[in-house]
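Note that these values count all heavy atoms, side chains included, but never hydrogens, waters or copies made by symmetry.
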Amino acid sequence: MEELMIVANVAIVFGVFYKLFELYARRKERIMLIEKLPPEMLGGQSDGGLKFNPSSSLFTALRLGCLFLGVGLGLIAGYCIVCNTLPGYFSGEGYNVCDTVSVIYGASVLIGGGIGLIAAFLIELKIGKKQKTLERNAEEL
């Protein structure tokens, strides 16, 4: 049964990577097809096509950075909670203590990652508002 699980795990990992690459490749194909459409089919736009906002890919590093920062801070917070509340964990006491520690670590990591993503979202909103005001000021001039 273990050999079957190894094969299944490898197949799942390669399947996920294949689908991710396929998703990005097809996205580029769809964008190229939409750009080739005449303006009449796009709702009468006179600029010849849709304008795509590349800023979403520019914020990927920010999102990942905030996520990993939140996960790291969550791990540190979980460790501090375990050190201060469960002294029996380090002496090797019982199974129940280990279950509690795993819950504390998991919750801390998830909360930290969520806070990191919320922080990235708020930073993106702030930058977006600044860009909009700059564009409005440029149009007024």
Check whether any side-chain heavy atom of Ile31 sits under 4.5 Å from a side-chain heavy atom of Glu35, and report yes or no.
-> yes
Side chains of Tyr79 and Leu75 in contact at under 4.5 Å (non-hydrogen atoms) | no
Drop me the distance from [X]'s [atom1] to [Y]'s [atom2], to the nearest 0.5 angstrom.
| X | Y | atom1 | atom2 | result |
| --- | --- | --- | --- | --- |
| Ile118 | Cys66 | CD1 | SG | 11.0 Å |
| Leu117 | Leu64 | CG | CG | 9.0 Å |
| Ile127 | Leu122 | CD1 | CG | 11.5 Å |
| Cys80 | Ile104 | SG | CD1 | 11.5 Å |
| Leu4 | Asn9 | CG | CG | 9.5 Å |

Go through the steps for Arg136 and Glu139 under the test salt bridge (Lys or Arg N to Asp or Glu O under 4.0 Å), then give the verdict.
-> CA-CA 5 Å; Arg136 286 182 196 154; Glu139 288 176 2; over 6 Å; no
Write out all pairs satisfying salt bridge (charged side-chain N to carboxylate O under 4.0 Å, His left out) with one or both partners inside residues 108-128, taking only residues at least two apart or from two chains.
-> Arg63-Glu124
Minimum-distance pair of heavy atoms, taken over all atoms of Ile81 and Ser108 | CD1-OG, 4.2 Å
Tell me whether [Y] is reachable from [X] by hopping between hydrophobic residues (I, L, V, M, F, W, Y) whose side-chain heavy atoms are closer than 4.5 Å.
| X | Y | result |
| --- | --- | --- |
| Tyr105 | Ile111 | no |
| Leu69 | Val109 | no |
| Val101 | Leu73 | no |

State plainly whether the residues Arg26 and Glu29 are in salt-bridge range, i.e. N to O under 4.0 Å.
-> no
